[in-house]
Amino acid sequence: MARTPLLAGNWKMHKDHLEAIQLVQQVVYHLDERDYERSEIVVIPPFTALRSIQTLIDGDRLHIGLGAQHCHYEDAGAFTGEISPAMLAKLAVRYVVCGHSERRHVFGEDDETINRKVRAVLAHDMRPILCVGETDEERERGQAKEVVARQVQRGLEGVDVDRADDIVLAYEPVWAIGTGKTATPSDADEMCGFGRNQLADVFGEDAAQRIRVQYGGSVKPGNVAELMRQEQIDGALVGGASLQADDFAAICRYHRM
Ligand code: 13P
């Protein structure tokens, strides 16, 4: 079964709304139908740039999608500083990152909170990108698979199999994020395959074969093609390299390398 690759740039806390517009314009300048037909391309800017990018995508009919990095699980309420999935849906946001390791480790989000977010995102007809991955210490202790299994299973608890096609899983080993250390293509492939096995446990084998599993962690123009050649890897969640227009465009053109 052919799964459409998903190439997404998670900008994290970078780029004000003006820089964001410039970056998107520069990225699309380097892309054409060959890239849009091949893959789904998504940018995930900070909240403050969502409206500007949505307007740009709409006005110029750009073939890229919009994602958000985070949200609360309630629709509205006294949650100072939070943004709701309902608000994101109004901005034509298609994807919401749930459980990024920085949210887990810096902001203390646990599997239960992440699961509530996943379900809230689906309830608003958006697609969660559920991030999972082990730390360096967990890998050293031989616990990588145990951690990923728990994060997948608990993150997706209570999600109906009918919604399986709207799920994206991102395997992002914490030790590879922002470090320049990439998992070898075969290790990344094995762990993405393991993530898919967990999806099969939750949703059944057929649905698991349709769900896209991304790899994330120091993806660059120089390593993307080899990663994308792996059978179990259906895309990339790109941090640092998505902030450079040339680099992110080159990643989106991986199939032409
Ligand atoms: P880097 O590509 O900077 O390693 O970040 C990966 C990441 O965390 C994407 O969500």
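- A donor-acceptor pair is defined here as one N or O able to donate and one able to accept, closer than 3.5 Å; no such pair exists between the side chain of S218 and the backbone of T182.
- Exactly one residue among L243, I41, L23, V24 makes a side chain to side chain contact (heavy atoms under 4.5 Å, CB included) with F248. That residue is I41.
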Would R51 and L91 count as a side chain to side chain contact (heavy atoms under 4.5 Å, CB included) here? Give the steps.
CA-CA 7 Å; R51 175 65 170 155; L91 284 170; 3.6 Å; yes

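- Side-chain contact check for Q209 and E205: at least one donor-acceptor pair (N or O, by modelled atom type) lies under 3.5 Å.
- The shortest distance between side-chain heavy atoms of I57 and D60 does not fall below 4.5 Å.
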Under the side-chain hydrogen bond (donor to acceptor under 3.5 Å, both in side chains) rule, what do E82 and Y73 come out as? Steps first, then yes or no, please.
CA-CA 10 Å; E82 290 294 302; Y73 45 80; over 6 Å; no

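- Using a cutoff of 4.0 Å between basic side-chain nitrogens and carboxylate oxygens, D111 and R150 are scored as salt-bridged.
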Would you check, one step at a time, whether the test side chain to side chain contact (heavy atoms under 4.5 Å, CB included) holds for L130 with V97?
CA-CA 6 Å; L130 174 63; V97 176; over 6 Å; no

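- Salt bridge present: K117 and E109 bring a charged side-chain N and a carboxylate O closer than 4.0 Å.
- In this structure, the side chains of L6 and V168 come closer than 4.5 Å at one or more pairs of heavy atoms.
- With a 4.5 Å cut-off on side-chain heavy atoms, Q151 and Y171 do not count as touching.
- K12 approaches Q69 most closely through the heavy-atom pair O-NE2, 2.9 Å.
- Shortest non-hydrogen contact noted between L227 and A188 is CD2-CB, 4.1 Å.
- Follow the hydrophobic side-chain contacts under 4.5 Å out from V213 and you reach I233 in the same cluster.
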The test is salt bridge (charged side-chain N to carboxylate O under 4.0 Å, His left out); show your working for R141 and E138 and say whether it passes.
CA-CA 5 Å; R141 289 201 296 265; E138 288 161 342; 5.1 Å; no

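- The cluster map of Ile, Leu, Val, Met, Phe, Trp and Tyr, joined by side-chain heavy atoms under 4.5 Å apart, puts L199 and V161 in the same cluster.
- Put simply, I167 and V132 are part of the same group of oily side chains (I, L, V, M, F, W, Y) that touch within less than 4.5 Å, one to the next.
- Residues R256 and R34 form a side-chain contact, since some pair of their non-hydrogen atoms from C-beta on lies under 4.5 Å apart.
- Looking at N115, its side chain does come within 3.5 Å of a backbone N or O of G155 through a donor-acceptor pair.
- Only one option out of Q232, K145, Q230 pairs with E190 in a side chain to side chain donor-acceptor pair (under 3.5 Å); it is K145.
- Contact detail for C131 and L237: the closest heavy-atom pair is SG-CD2, 3.8 Å.
- Using modelled atom types, one finds a donor on one side chain and an acceptor on the other under 3.5 Å when comparing D110 with T113.
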Stepwise, does the side chain to side chain contact (heavy atoms under 4.5 Å, CB included) test hold for I64 with V42?
CA-CA 5 Å; I64 63 171; V42 170; over 6 Å; no

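- With values rounded to the nearest 0.5 angstrom, I211 atom CD1 is found 10.0 Å from R3 atom CZ.
- From D246, atom CG reaches atom CZ of R253 across 8.0 Å, with rounding to the nearest 0.5 Å.
- F203 is connected to V121 through a chain of hydrophobic side-chain contacts under 4.5 Å among Ile, Leu, Val, Met, Phe, Trp and Tyr, so both are in one cluster.
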For E137 and W175, what are the C-alpha separation, side-chain angles and deciding distance, and is it a side-chain hydrogen bond (donor to acceptor under 3.5 Å, both in side chains)?
CA-CA 9 Å; E137 300 85 75; W175 48 269; over 6 Å; no

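- Hydrophobic clustering, with ILVMFWY side chains joined whenever heavy atoms are under 4.5 angstrom apart, keeps I114 apart from I44.
- Under the 3.5 Å distance criterion, the side-chain polar atoms of Q22 are left unmatched by any main-chain donor or acceptor of L18.
- Atoms NZ and OG, from K90 and S84 in turn, are 9.5 Å apart once rounded to the nearest 0.5 Å.
- Atom NE2 of H255 is separated from atom CG of L7 by 8.5 Å, given to the nearest 0.5 angstrom.
- Looking at Y36, its side chain never comes within 3.5 Å of a backbone N or O of R38 through a donor-acceptor pair.
- Test R127, R212, R210 against D166 for salt bridge (charged side-chain N to carboxylate O under 4.0 Å, His left out) and you get one pass: R127.
- Distance check: H70 NE2 to H72 NE2 gives 8.0 Å after rounding to the nearest 0.5 Å.
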Please step through salt bridge (charged side-chain N to carboxylate O under 4.0 Å, His left out) for the pair R119 and E157, ending with a clear verdict.
CA-CA 9 Å; R119 287 186 287 141; E157 239 165 55; over 6 Å; no

Determine, step by step, whether Q198 and Q153 satisfy the side-chain hydrogen bond (donor to acceptor under 3.5 Å, both in side chains) criterion, reporting the C-alpha distance in whole Å, the side-chain angles of both residues, the deciding distance to 0.1 Å, and the verdict.
CA-CA 7 Å; Q198 300 310 305; Q153 306 255 357; 2.8 Å; yes

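- Side-chain atoms of Y215 come within 3.5 Å of backbone atoms of A183 as a donor-acceptor pair (strictly under, hydrogens ignored).
- Between I251 and K220 there is no side-chain heavy-atom pair separated by less than 4.5 Å.
- Within the 4.5 Å cutoff, side-chain heavy atoms of V224 are placed close to those of M257.
- In this structure, E19 contributes its side chain and D16 its backbone to a donor-acceptor pair below 3.5 Å.
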For V93 and Q54: C-alpha separation, side-chain torsions, deciding distance, then whether side chain to side chain contact (heavy atoms under 4.5 Å, CB included) applies.
CA-CA 8 Å; V93 164; Q54 181 224 355; over 6 Å; no

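- Of all non-hydrogen atoms in V118 and C98, the two that sit nearest each other are CG2-CB, 3.9 Å.
- Counting only N and O atoms by type, the side chains of H30 and D35 include no donor and acceptor under 3.5 Å apart.
- The shortest heavy-atom contact between L88 and C71 is CD1-CB, 3.6 Å.
- Put simply, the side chain of L66 reaches to within 4.5 Å of the side chain of P45, judged on heavy atoms.
- With R196 as the partner, the salt bridge (charged side-chain N to carboxylate O under 4.0 Å, His left out) test is satisfied by one option alone out of D201, D206, D234: D234.
- Listed here is the closest heavy atom pair of C192 and Q214: SG-O, 4.0 Å.
- Formation of a donor-acceptor pair under 3.5 Å by the D247 side chain with backbone atoms of Q244 is not found in this model.
- Taken from CG in L62 to CD1 in I53, the straight-line distance is 9.0 Å, to the nearest 0.5 Å.
- Taking 4.5 Å as the limit, every side-chain heavy atom of M126 sits out of range of all side-chain heavy atoms of R94.
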Decide yes or no on salt bridge (charged side-chain N to carboxylate O under 4.0 Å, His left out) for D189 and R229, but give the supporting numbers first.
CA-CA 9 Å; D189 189 50; R229 264 196 289 277; over 6 Å; no

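- With no hydrogens or angles considered, a side-chain donor-acceptor pair links E172 and H100 at under 3.5 Å.
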